[in-house]
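Owing to the predicted nature of the structure, the values given are computational and were not obtained by experimental measurement.
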Amino acid sequence: MHRPVPIGSGQHWWPWLAVLLVVLSGCGKPEPFTLEFPANTSLGDLAVVEDVNCFTCENGVEALGPATGSYEVRLPAAHWYVSLDMPRKAAHLLAHLRHPSMTGLGMIDLRGSDVSDSDLANLASIPLRYLYLNETRVTGEGLRYVKAHPRWIRVDLTGCDRLEPEHLSHFRGWHQATIALPYPPGDSRRELARMIICDGQPEDICKTQIR
């Protein structure tokens with residue numbers, strides 16, 4: 001005869017223990033890593049940032065200084081990331097982002113800079129959480145180089161007046177993303193972009209936020 005398992009028995013609580021261990025495993029500090037920048041040229045300003053997409057997070061920011069030379073990074077917790085705020089004259093600097101250590105970056109801010117589509121090829125190996133391309137010259141053709149972070153990515157294209165909706169097809173199938181568009185409400189290109197990214201499905205089905 002089958003006998004019910006008592007509440008205090010190991011067979012009852014071990015799944016909860018497994019869940020607790022998984023949760024706790026993400027609470028420790030990540031291993032330190034090193035970012036290798038040019039010795040005599042700064043790529044911009046570095047900071048470590050607390051990810052606001054974390055429900056239990058605040059919005060912490062700690063400035064690290066100029067992105068130059070060898071820099072050891074110690075993140076406070078797994079939901080923090082490294083941000084790089086690049087200067088307006090950034091196009092000639094992007095080739096330095098091809099260094100293998102740059103995969104440690106979580107955000108690159110290029111808003112208002114002189115970058116164009118071909119420059120985005122330098123970002124192809126970096127899984128970013130945030131990419132700001134606001135008010136740049138990109139048409140969208142270079143978006144094919146952008147690689148999504150497995151947790152979430154926000155790509156901000158507001159102010160990109162040259163953006164062509166058909167290039168937004170690169171984001172189709174991205175289930176953990178927010179795409180901020182330059183098209184205002186009522187602009188037919190906005191609805192076209194939504195159709196292209198979500199393949200005609202509602203946002204809650206395609207799992208990509210259109211902003």
Side-chain angles (χ1 to χ4, degrees), residues 23-116 118-138 142-143 145-160 174 176-180 211:
V23 172
L24 291 177
S25 67
C27 296
K29 290 186 178 182
E31 291 294 321
F33 57 92
T34 302
L35 298 172
E36 298 289 349
F37 298 104
N40 301 314
T41 303
S42 175
L43 299 192
D45 296 317
L46 282 177
V48 290
V49 182
E50 190 172 19
D51 198 335
V52 296
N53 279 322
C54 172
F55 288 116
T56 60
C57 305
E58 298 178 6
N59 191 14
V61 178
E62 179 185 344
L64 299 180
T68 181
S70 183
Y71 210 108
E72 185 180 74
V73 177
R74 296 178 179 270
L75 296 176
H79 64 275
W80 288 64
Y81 59 87
V82 181
S83 70
L84 174 61
D85 187 354
M86 301 193 72
R88 289 183 177 273
K89 297 294 183 180
H92 71 289
L93 300 173
L94 287 186
H96 295 294
L97 298 180
R98 291 178 178 268
H99 192 278
S101 69
M102 294 298 105
T103 56
L105 293 174
M107 184 190 93
I108 297 178
D109 192 338
L110 290 164
R111 70 186 81 189
S113 71
D114 60 349
V115 298
S116 56
S118 59
D119 299 315
L120 300 184
N122 296 293
L123 310 181
S125 63
I126 308 175
L128 293 167
R129 297 188 187 201
Y130 297 89
L131 176 59
Y132 292 93
L133 295 170
N134 318 48
E135 299 178 359
T136 58
R137 298 182 295 179
V138 300
L143 292 174
Y145 300 114
V146 178
K147 185 177 181 180
H149 192 277
R151 294 182 181 176
W152 194 270
I153 182 173
R154 176 183 175 89
V155 181
D156 202 321
L157 297 163
T158 55
C160 294
W174 285 24
Q176 302 292 333
T178 298
I179 311 299
R211 297 292 179 264

Look at the side chain of [X] and the backbone N and O of [Y], then say whether any donor-acceptor pair between them is shorter than 3.5 Å.
X	Y	result
T178	R211	no
T41	P38	no
D45	A47	no
D156	L133	no
S101	E36	yes
T68	A39	yes
Q176	W152	no
R88	G112	yes
D114	A90	yes

Are [X] and [Y] side-chain neighbours, meaning at least one heavy-atom pair lies under 4.5 Å?
X	Y	value
L84	L46	yes
I179	I153	no
F37	H99	no
I108	Y132	no
L128	H149	no
N134	L157	no

Might you work through the side chain to side chain contact (heavy atoms under 4.5 Å, CB included) test for V61 and V48, ending with a clear yes or no?
CA-CA 6 Å; V61 178; V48 290; over 6 Å; no

From [X] atom [atom1] to [Y] atom [atom2], the distance as rounded to the nearest 0.5 Å:
X	Y	atom1	atom2	value
L143	C160	CG	SG	8.5 Å
N122	H96	CG	NE2	10.0 Å
E62	L75	CD	CG	10.0 Å
I126	L131	CD1	CG	9.5 Å
W80	E50	CH2	CD	5.0 Å

Could you go through D119 and Y145, starting from their C-alpha distance and side-chain angles, then the distance that decides it, and tell me whether this counts as side chain to side chain contact (heavy atoms under 4.5 Å, CB included)?
CA-CA 10 Å; D119 299 315; Y145 300 114; over 6 Å; no

Going through the checks in order, is the side chain to side chain contact (heavy atoms under 4.5 Å, CB included) test met by L94 and M86?
CA-CA 9 Å; L94 287 186; M86 301 193 72; 3.6 Å; yes

Compute both the distance and the angle, then confirm whether R129 meets the cation-pi test with Y81: under 6.0 Å from the six-membered ring centre, within 45 degrees of the axis.
no

Search all heavy atoms of P66 against all heavy atoms of S42 and return the closest pair with its distance.
CB-OG, 3.7 Å

Heavy-atom closest contact (A77 atom, P30 atom, distance):
C-CD, 3.5 Å

Run Y130 and D51 through side-chain hydrogen bond (donor to acceptor under 3.5 Å, both in side chains) and show every step you take.
CA-CA 10 Å; Y130 297 89; D51 198 335; 2.8 Å; yes

Checking side-chain polar atoms at under 3.5 Å, does T34 have a donor or acceptor matched by the opposite partner on E72?
no

